[in-house]
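What follows is a single structure, written as structure tokens, with notes after it.
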2 protein chains.
Amino acid sequence: MIEDNNSDSETSAGANGAIQRVFEALSSQPRRKILAYLAHSSLTAGEIAARFDMSKPSISQHLSILETAGLIAKERQGQFIHYSLVQNNLVNTLNGFVQDVCPVSRPIKRESKELGRGGQHKDRT
Amino acid sequence: MIEDNNSDSETSAGANGAIQRVFEALSSQPRRKILAYLAHSSLTAGEIAARFDMSKPSISQHLSILETAGLIAKERQGQFIHYSLVQNNLVNTLNGFVQDVCPVSRPIKRESKELGRGGQHKDRT
DNA sequence: CGCCTATTTAGGCAATAAGCTAATTATCTA
DNA sequence: TAGATAATTAGCTTATTGCCTAAATAGGCG
């Protein structure tokens, strides 16, 4: 584990842990996929698990990580637990990070334009 | 427990690997910090290493991961190797992901318009 | 209550990631 | 060419992640 003195570009030490948790949560494809599903509509843990070729406990663990990162929220309804997206956290964090890496000198809007005329991007179109 | 191939939300096999590499690269604080430094100005590997309390080989490894993810680029100048940010990839990928997970809204919304990347998203609530 | 379903917790194992030191490659300079 | 400096590659160790199965917890229902 690194003892990073200088912290991130962000400030408050508290935020660092949060940011770390968010990025770590996003580093897994199953978890990103869960987020994508939840972007659609809220789902129970079981419904989510049913969409993956993975055991329920594993999915439960992923859900836990996403929740700890503040990206999703759960609410019990009877025997079911419904999970839903917490959009602000995701967007705020990612956006905050992008702002950080692309300082004012290069507003994000400008990026879009450049992107529009297709610079070099992977095959993600 | 149903199947499920591995399609991410997007599904162009190539893009998955690229996206995975980007998110994985971003999941490390030292690497995010490197990106933040490079957002400010290009630096040599040594200059970057000097900003961390970590061995040069370790930094070199981080740089390699960032480069493989397409987030930074290197250029040799004599004995030095200068690293610089490749902004489009970062923004493109993060933005693409946000588009996928979050319906159109939030600050980033502007991007979507300009990007106008044909939607291969699933749905938008 | 007793049983069934939904979900999480516990414990274990294999694969991966992150760090280090030592050695190698590349380039400059005398 | 020899020697110095910049950076990477190799090899190793330790910590973490991700997945699984089995067991436990919580709620619903006859």
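Side-chain atoms of A:A45 lie closest to C:dT8 of the nucleotides C:dT8, C:dA22, D:dA7. Closest to the side chain of B:E24, out of D:dA10, C:dT8, C:dA17, is C:dA17.
When the C1' atom of D:dG18 is taken as reference, atom CZ of A:R32 falls 15 Å away, rounded to whole Å. Spacing between atom NZ of B:K56 and atom P of C:dA23 amounts to 18 Å, rounded to whole angstrom units. Atom CD of B:Q29 is separated from atom P of D:dT16 by 16 Å (rounded to the nearest Å). Atom pair A:Q20:CD and D:dT16:P shows a separation of 13 Å (rounding to whole Å applied). Note: CD1 (A:I48) to P (C:dT8) measures 9 Å, nearest angstrom. Put simply, CD1 on A:I34 is 13 Å from C1' on D:dG18, counting in whole angstrom units.
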Problem - Stepwise side-chain contact (heavy atoms from CB on, under 4.5 Å) check, B:Y83 with B:L43 - result: CA-CA 5 Å; B:Y83 281 92; B:L43 296 169; 5.9 Å; no

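At least one side-chain nitrogen or oxygen of A:Y83 sits closer than 4.0 Å to the OP1 or OP2 atom of C:dT8. Side-chain N/O atoms of A:S55 include one lying less than 4.0 angstrom from OP1 or OP2 on D:dC20. Dashed line: the shortest gap from a side-chain N or O of B:T44 to OP1 or OP2 of D:dA7 is under 4.0 Å.
B:I65 and B:Y37 are members of different hydrophobic clusters when ILVMFWY side chains are connected at heavy-atom separations under 4.5 Å. Linking Ile, Leu, Val, Met, Phe, Trp and Tyr whenever their side-chain heavy atoms come within less than 4.5 Å puts A:L85 and A:I81 in one cluster. B:M54 and B:L26 fall within the same hydrophobic cluster, defined by Ile, Leu, Val, Met, Phe, Trp and Tyr side-chain heavy atoms under 4.5 Å apart, directly or through other members.
Residues that satisfy the side-chain contact (heavy atoms from CB on, under 4.5 Å) test with B:T44, not counting sequence neighbours, are B:E47, B:F80, B:H82. For B:A50, there are no side-chain contact (heavy atoms from CB on, under 4.5 Å) partners at least two apart in sequence or on another chain. Remark: A:Q61 pairs with no residue by the side chain to side chain donor-acceptor pair (under 3.5 Å) rule, at least two apart or across chains. Residues satisfying the side-chain contact (heavy atoms from CB on, under 4.5 Å) test with A:E67, not counting sequence neighbours, are A:I72, A:K74.
Proximity of residues 72-82 of chain B to DNA chain C (heavy atom under 4.0 angstrom from any strand atom) is restricted to B:R76, B:G78, B:Q79. If you check residues 58-71 of chain A against DNA chain C, the residues with a heavy atom closer than 4.0 Å are A:S60, listed by number.
Side chain of A:R76 to main chain of A:G78: a donor-acceptor pair is present (N/O by atom type, distance under 3.5 Å, no hydrogens or angles).
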